[in-house]
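The analysis underlying the following values was restricted to heavy atoms, covering all of them including side chains, and did not include hydrogens, waters or symmetry mates. One-based numbering along the sequence shown. First listed ligand is number 1; within each ligand, the first listed atom is number 1.
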Amino acid sequence: MSKIIASAAIRGAHSIVNRAGKDYEEALEKWGPDQKVGFPNTAYYLPVIYGMLGIGVEKIGDMKEVIERCRLLLPPLVREKMHLPYLGPVLDAGMATLFADEIIEAIRYLKDPGFYLTGEEVTDNQIWLGAADDVILRKRGVEFVDGTAPGFAVILGSAPDPQKAKDVAEELQKKNLYVFMHADNKGVRFSEQLVEAGVQVGWPTRLVPFGPDPTSVCFAAGFAVRAAMSFGGLKAGEFRKILIYNKDRIFAFAMALGLVTDEWYAQAAGAINFGFPTIADTPIPEILPTGVCTYEHVVSNVPYDQLVSKAIEVRGLKVTISEVPVPVSYGPAFEGERVRKDDLYLECGGGKSKAVEWATTKEMNEVEDGKIELFGPDITDVEAGSRLPLAIVAEFAGRKMQDDFEPILERQIHHFINYAQGMMHIGQRDIAWVRIAKDAVEKGLALKDIGSILHAKFHEDFGAIFDKVQVKLYTEDEKVNEILESARGVYAIRDSRIEGMTDEGTDTFYSCTLCQSFAPSHVCIISPERTGLCGAYNWMDCKASNEINPTGPNQPVDKGECLDQKLGQWKGCNDFLFKASRGALDHYNFYSIVHDPMTTCGCCECIAAILPLCNGIMTVDRDFRDMTPCGMKFTTLAGTIGGGFSAPGFVGHGKYNITQRKWLSGDGGIKRLVWMPKHLKEEIGPRLKKEAEEMGVPGLLDMIADETVGTSEEEILPFLQEKGHPALSMDPLL
Ligand code: SF4
Ligand code: ZN
């Protein structure tokens with residue numbers, strides 16, 4: 001162990017602990033011992049202190065004991081003539097540093113409540129996210145457990161320039177790591193460099209600006225401690241187990257970029273306790289012999305372009321990255337990234353042009369594996385800010401391929417395209433929506449790359465169920481319309497496969513959690529008569545998907561005891577929901593919009609809303625862009641309730657679901673339907689008529705108002721009265 005490092009780390013620890021002591025004294029004087037302190041929305045108090053010492057700091061008075069423990073842990077400053085200190089005292093100094101960090105940061109929350117943001121996203125003028133609350137912990141922490149994210153990089157300081165910062169961040173993202181950013185180097189901070197280089201920071205892109213000072217490292221350590229407690233089932237005070245859990249399970253390391261100060265050394269010493277080594281780009285002394293960390297503890301003077309690979313090697317991570325042959329970075333870390341209007345090069349779909357995607361099966365001799373064709377103009381043929389219609393057709397062949405697999409393969413297009421940096425995908429089927437960023441086009445991304453992505457990823461993830469796949473892309477109106485026509489015919493056949501099945505007739509429903517990457521608490525549970533709200537997954541599809549991928553996002557849900565027959569609530573579903581939403585929800589009703597409806601995510605084909613004056617329900621689909629009688633347009637509705645919540649009065653659903661017998665049956669079903677857009681009425685008209693006849697209201701279709709009647713409750717009410725709409729004589733909705 002280097003004496004220089006040991007001395008510096010111990011000096012740094014002394015200075016931070018002293019500062020914590022001072023902050024504590026001041027706070028005590030100002031607010032008194034009973035003043036509440038803590039990080040926002042967490043059950044783990046100040047988590048490093050809580051996990052390691054078992055002390056739950058709730059009030060300023062509780063900090064006293066912690067400061068005393070810090071002082072006990074602090075080894076004496078290293079004197080010139082002393083023998084080489086060994087690792088033990090340095091580790092203790094590191095631990096004391098993290099405790100003191102938490103005290104300093106908790107007092108900062110008290111003194112300056114607006115200093116840190118809450119939630120996952122940064123704003124235009126503020127980027128410091130501070131301590132992750134328990135919602136973020138549950139959502140993101142589980143990724144460390146299931147391997148979606150192998151771990152995280154703790155960055156201190158800054159890169160030589162913004163471009164280099166961007167390169168390092170992207171390399172880490174590509175390895176699916178989270179990047180936690182702290183402290184400055186000569187006044188420059190890594191996270192600010194990323195913003196300057198036009199990179200989106202925040203939890204959704206895994207680039208997390210925790211705080212401007214070295215003390216914010218405790219937020220990273222606190223995240224690791226809570227992950228161990230929450231997912232590893234460890235208790236407060238089980239410090240050895242918590243540290244070992246992290247060493248063995250969480251692949252993390254620190255990167256010290258720039259001048260390493262005493263305080264940084266102290267933080268690095270804290271990280272070594274967790275088995276997290278430090279990699280530096282400056283020639284600081286190294287701690288090469290191994291002990292606590294898997295390999296070396298501190299490795300220094302690593303050239304910039306080798307930092308990430310060195311870190312990976314030192315921490316001993318095996319990463320598997322599928323090389324997708326596209327000119328932009330590719331991986332799940334880019335899924336949450338958005339392409340905003342200003343960054344937009346090309347847009348397809350989204351209401352302004354048509355876009356459709358379709359997976360279909362062909363004969364063996366009709367498919368040439370890996371063949372990708374584009375019919376019509378490419379990105380390079382249009383100017384920035386353009387729109388094109390788009391049809392994506394993936395044609396599969398194989399001995400094991402079945403029609404049943406088509407919807408499952410088709411639904412993957414959403415994720416596969418989203419994984420590409422600079423590409424955003426929303427929706428599905430005939431309401432797909434693709435955005436491509438200027439940056440990506442600059443790097444050489446072209447439309448054919450969609451084909452390369454699909455070919456590579458379909459083989460990687462679903463190679464077992466087909467042999468060959470080719471992709472055709474169309475960007476000419478006439479051809480796109482033709483594909484739309486054929487695809488719609490097939491969608492109808494897929495939808496109707498479920499006809500005749502009832503919810504009562506099966507004990508097993510299926511979950512779908514594909515959309516949790518955007519709406520973390522969103523859980524679709526799909527029953528035969530309650531198709532997924534995206535319209536792309538029905539019960540059959542989920543069943544087939546589960547057969548292909550038994551550990552995937554579609555799990556069988558044993559519906560269990562019926563708790564409410566009318567509203568559609570089952571114990572087994574509730575239990576599943578609680579687990580799958582990571583505790584965010586413990587129940588919802590399948591058949592109600594008024595009482596605790598199902599959660600809604602941004603993919604929904606339609607959103608229903610109650611219209612109190614009309615004693616009824618309206619619904620609007622994504623293609624209708626004008627005002628609706630509930631006072632909101634589709635986009636506003638989706639923005640308000642599409643984040644994975646259960647929002648009484650509103651619920652997302654598929655188009656096909658409207659004519660399923662159980663659609664909102666707990667509130668009166670289609671007899672409540674008083675308004676919907678004209679084109680939707682036409683689209684589902686024949687089926688709605690049939691359904692209405694079965695319900696004993698044969699003339700219902702003509703009693704439903706649309707935008708030609710009015711777009712406010714007042715405007716449509718006289719029409720409903722004149723037609724004698726059944727909703728008007730039903731029990732009050734509320
Ligand atoms: Fe699955 Fe529901 Fe998302 Fe459709 S909306 S993909 S069913 S989670
Ligand atoms: Zn969704």
Practice task
Determine the interplanar angle of the Trp203 and Tyr178 rings, folded into 0 to 90°, and report it as parallel if under 30°, tilted if 30 to 60°, perpendicular if over 60°.
Solution key: tilted
Problem - atom 2 (Fe) of ligand 1: protein N, O or S atoms [distance under 2.8 Å] - result: Cys524 SG
Exercise for the section: Give a yes or no on whether a salt bridge exists between Arg661 and Glu504, defined as a side-chain N under 4.0 angstrom from a carboxylate O. Expected result: yes
Handout entry: Where ligand 1 meets Arg411 - atom numbers and elements under 4.0 angstrom, heavy-atom basis
Key = 6 (S)
Practice task
Please check if the distance between the ring centroids of Phe590 and Phe509 is under 6.0 Å.
Solution key: yes
Practice task
Describe, in one word, how the ring planes of Phe152 and Phe223 are oriented to each other, choosing from parallel (under 30°), tilted (30 to 60°) and perpendicular (over 60°).
Solution key: perpendicular
Practice task
Decide yes or no on salt bridge (Lys or Arg N to Asp or Glu O under 4.0 Å) for Glu395 and Lys468, but give the supporting numbers first.
Solution key: CA-CA 8 Å; Glu395 298 178 334; Lys468 303 193 279 188; over 6 Å; no
Problem - Salt bridge present between Asp134 and Arg226 (N-O < 4.0 angstrom) - result: yes
